[in-house]
Amino acid sequence: MPSLTSHVVAFVLRHSRKKAFASPENMRRWIAHARRKQSHAPPAWMAQRLTMRKTRIDGFPVYEIAPCANPRKRILYMHGGAYVFEITSYHWALIAEIAERTGFGVTVPIYPIAPEHDFHAMFGMVGAVYRRMLGESEAADIVFMGDSAGGNMAVVLTMMAAEEGLPLPGSHVLISPGLDMSLTNPAVVEMAPRDPWLDIPGGLEAIRLYGAGMERSDWHISPLYGDLSVLPRTLLFTGSRDLLSPDNLVFADKARAAGVEVEIVYGEGMFHVWPLIRMPEARLARDRMVAFLTEDAAETADPEAAERQKTRRDAAE
């Protein structure tokens, strides 16, 4: 049963954030309001607990967050925000917790967002970040992690890297990813009134603003329609009140059919990006993230142990 906290959060979202997605006009108004107040800077408390370094690529900031010097395993975290909103304190809190609990370094690109920039600027920048990481770390030691639009970017970036012949990341962690941005699945349309956060009209406007004129069925925009066989082992979080959930489940089925190992954590009664919100269900979700990431690290270091762990997981399923 969903916690009382989750019900309160859903109520607040329905009477605040969902308004941004109610219409194209509302989405543009919310973007304009966000530009006047937003900041991408990490909260001050993070510098007291973690090593932080700021660099730039293509003129945009890249933050390197680490609990220790020279961590072997690294995460490329791409934040959500419908491609039009900046990173938030919720993202930074999750990033800090994952870094502290896993010992991994986390690279956070503050990528260019729409409508000032488009798909090509976004992926030009995050692609450059990944290529720099490949010069410093083995691809198998890199995890792509993202929520919502950032989850979409993680999958698309892997597909683009495969197309370029670059080494591919060792695993994905996807939190409520947007994988079919056509938003035409009848189950998605049916879900829209039940989702306390997202809605279709404003979502389509955000896609238009960043999509650089591409069709929404193009795999660069909707990776569900791309070559899923190139994807790595994946942990995917979704929820029963998330507009994107029906397509998340379709994605998981298609990816498994293509030979990809996909684990789904399905939150009954949970809404969009629920693992980012401070509530009991999110604590359990973060525990699973940490377990997945540290299992993955152990498997990279010891292939025989990896096979034993996989056998145990398969038996448990």
Side-chain angles (χ1 to χ4, degrees), residues 6-40 78-91 111-122 146-153 156 175-218 220-225 238-248 250 269-274 276-277:
S6 75
H7 285 294
V8 172
V9 172
F11 177 84
V12 172
L13 289 171
R14 183 172 293 281
H15 291 86
S16 57
R17 298 280 179 164
K18 192 174 177 80
K19 294 178 182 178
F21 291 87
S23 70
E25 296 77 18
N26 278 12
M27 176 57 69
R28 292 193 294 271
R29 280 196 291 269
W30 276 68
I31 293 168
H33 177 70
R35 293 296 182 274
R36 293 193 293 269
K37 57 179 291 190
Q38 66 190 358
S39 170
H40 62 70
M78 286 161 275
H79 70 84
Y83 314 98
V84 298
F85 298 116
E86 277 291 6
I87 192 169
T88 70
S89 60
Y90 295 100
H91 296 108
Y111 57 83
I113 54 178
E116 296 87 349
H117 308 277
D118 66 9
F119 172 95
H120 301 295
M122 292 180 196
D147 66 280
S148 194
N152 169 292
M153 294 177 72
V156 172
I175 304 168
S176 300
L179 300 172
D180 183 356
M181 294 292 87
S182 70
L183 300 180
T184 54
N185 181 341
V188 169
V189 176
E190 184 180 344
M191 178 74 75
R194 295 169 49 205
D195 186 317
W197 191 335
L198 303 182
D199 210 339
I200 293 173
L204 290 178
E205 177 66 2
I207 303 305
R208 184 189 70 80
L209 292 172
Y210 109 100
M214 286 184 275
E215 294 291 331
R216 295 198 304 273
S217 58
D218 187 312
H220 293 86
I221 302 297
S222 296
L224 181 67
Y225 302 111
T238 193
S240 67
R241 298 179 68 194
D242 186 346
L243 178 71
L244 303 180
S245 185
D247 289 327
N248 286 181
V250 172
M270 292 298 101
F271 42 80
H272 190 59
V273 299
W274 52 276
L276 271 70
I277 310 299

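Bear in mind the structure is a predicted one, so any value in this text is a computation, not a measurement.
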Enquirer: Does L244 form a side-chain contact (heavy atoms from CB on, under 4.5 Å) with L183? I'd like the steps, not just the answer.
Expert: CA-CA 8 Å; L244 303 180; L183 300 180; 4.1 Å; yes

Enquirer: Crowded around H33 NE2? As in, over 12 foreign heavy atoms under 6.0 Å?
Expert: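 At most 12 heavy atoms, drawn from other residues, nucleotides or ligands, come within 6.0 Å of this atom.
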
Enquirer: Looking at E215, I want to see if its CD is surrounded by more than 12 non-hydrogen atoms of other residues, nucleotides or ligands under 6.0 Å.
Expert: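 Atom CD in E215 is not packed in, count stays at 12 or less.
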
Enquirer: Taking the side chain from S148 and the backbone from G80, do they hold a donor-acceptor pair closer than 3.5 Å?
Expert: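 Side chain of S148 to backbone of G80: no pair is present.
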
Enquirer: Looking only at heavy atoms, which two atoms of G178 and P223 are closest? And how far apart?
Expert: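 Where G178 meets P223 most closely, the heavy atoms are O-CD, 4.3 Å.
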
Enquirer: Check whether the side chains of H91 and D147 place a donor and an acceptor atom closer than 3.5 Å, and report yes or no.
Expert: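 Yes.
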
Enquirer: In Å and rounded to the nearest 0.5 Å, what is the OG1 to NE2 distance from T88 to H40?
Expert: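 One gets 14.0 Å once the value is rounded to the nearest 0.5 Å.
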
Enquirer: Mind listing the closest non-hydrogen atom pair of A192 and K18 along with its distance?
Expert: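 Residues A192 and K18, closest heavy atoms: O-NZ, 3.2 Å.
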
Enquirer: How far does CG of L276 sit from OG of S89, to the nearest 0.5 angstrom?
Expert: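 Reported to 0.5 Å precision, the distance equals 9.5 Å.
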
Enquirer: Does the side chain of Y83 come under 3.5 Å of the side chain of D118 through a donor N or O and an acceptor N or O?
Expert: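 The criterion, which ignores hydrogens and geometry beyond distance, is not satisfied for D118 and Y83.
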
Enquirer: Can you tell me if K19 uses its side chain to pair, donor with acceptor, with the backbone of L13 under 3.5 Å?
Expert: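 Not confirmed, K19 side chain does not pair with L13 backbone.
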
Enquirer: Using 0.5 Å steps for rounding, measure from the CH2 atom of W274 to the OG atom of S6.
Expert: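 Interatomic distance, W274 CH2 to S6 OG, rounded to 0.5 Å: 10.5 Å.
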
Enquirer: For a quick test of reading the model, state the closest non-hydrogen atom pair linking S23 to N26 and the distance between them.
Expert: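 Shortest heavy-atom separation between S23 and N26 comes out as OG-N, 3.0 Å.
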
Enquirer: What are the two closest heavy atoms between A206 and A82, and how far apart are they?
Expert: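 Residues A206 and A82, closest heavy atoms: CB-O, 3.5 Å.
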
Enquirer: Where do H272 and W197 land on the side-chain contact (heavy atoms from CB on, under 4.5 Å) test, with the steps shown first?
Expert: CA-CA 7 Å; H272 190 59; W197 191 335; 4.1 Å; yes

Enquirer: For the aromatic rings, using the six-membered ring if either is Trp, is the centroid distance between H15 and F11 under 6.0 Å?
Expert: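 Distance test on ring centres: under 6.0 Å, yes.
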
Enquirer: Of M27, R28, H117, which is the lone residue that meets side chain to side chain contact (heavy atoms under 4.5 Å, CB included) with V84?
Expert: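 The residue from M27, R28, H117 that satisfies side chain to side chain contact (heavy atoms under 4.5 Å, CB included) with V84 turns out to be M27.
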
Enquirer: Looking at D247, L243, D242, which one forms a side chain to side chain contact (heavy atoms under 4.5 Å, CB included) with S245?
Expert: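 For S245, the side chain to side chain contact (heavy atoms under 4.5 Å, CB included) check succeeds only for D242.
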
Enquirer: Does V250 form a side-chain contact (heavy atoms from CB on, under 4.5 Å) with D180? I'd like the steps, not just the answer.
Expert: CA-CA 10 Å; V250 172; D180 183 356; over 6 Å; no

Enquirer: Determine whether R241 and D195 satisfy the following criterion, side-chain contact (heavy atoms from CB on, under 4.5 Å), listing intermediate values before the conclusion.
Expert: CA-CA 5 Å; R241 298 179 68 194; D195 186 317; 5.8 Å; no

Enquirer: If I compare all heavy atoms of A149 with all of G81, which pair ends up nearest, and what's the gap?
Expert: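 Residues A149 and G81, closest heavy atoms: CB-N, 4.3 Å.
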
Enquirer: With sequence neighbours excluded, tell me which residues meet salt bridge (charged side-chain N to carboxylate O under 4.0 Å, His left out) with E86.
Expert: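 So E86 forms no salt bridge (charged side-chain N to carboxylate O under 4.0 Å, His left out) with any residue.
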
Enquirer: Quick one: are N152 and M181 in side-chain contact, heavy atoms under 4.5 Å?
Expert: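 Heavy-atom side-chain distance check passes, below 4.5 Å.
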
Enquirer: Please say whether more than 12 non-hydrogen atoms of neighbouring residues, nucleotides or ligands are located less than 6.0 Å from CD in E190.
Expert: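 At most 12 heavy atoms, drawn from other residues, nucleotides or ligands, come within 6.0 Å of this atom.
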
Enquirer: Just checking, is any N or O donor in the side chain of H220 or D218 under 3.5 Å from an acceptor N or O on the other one?
Expert: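 There is such a pair (donor and acceptor under 3.5 Å, judged by atom type) between the side chains of H220 and D218.
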
Enquirer: Flag yes if more than 12 heavy atoms outside R17 fall under 6.0 Å of its CZ atom; otherwise flag no.
Expert: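 Atom CZ in R17 is not packed in, count stays at 12 or less.
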
Enquirer: Evaluate the side-chain proximity of E116 to R35: yes if any heavy-atom separation is below 4.5 Å, no if none is.
Expert: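 Touching, per the 4.5 Å side-chain cut-off.
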
Enquirer: F85 and H79: aromatic ring centres closer than 6.0 Å?
Expert: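 Centroid distance F85-H79: not below 6.0 Å, so no.
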
Enquirer: Taking all atoms of both residues into account, what is the closest heavy-atom pair of M122 and P112, and its distance?
Expert: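 Nearest heavy atoms, M122 then P112: CG-O, 2.8 Å.
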
Enquirer: Give a yes or no answer on whether the side chain of S240 reaches the backbone of G269 with a donor-acceptor pair at less than 3.5 Å.
Expert: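 Pair found, side chain donor or acceptor close to backbone of G269.
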
Enquirer: Would you say S222's side chain and Y225's backbone share a donor-acceptor pair under 3.5 angstrom?
Expert: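 Side chain of S222 to backbone of Y225: no pair is present.
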
Enquirer: Answer whether the closest heavy-atom distance between the side chains of I277 and F271 falls below 4.5 Å.
Expert: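 The answer is yes; the side chains approach within 4.5 Å.
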
Enquirer: So Y210 and I113, do their side chains get closer than 4.5 Å, heavy atoms only?
Expert: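 No, every pair of side-chain atoms sits at 4.5 Å or beyond.
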
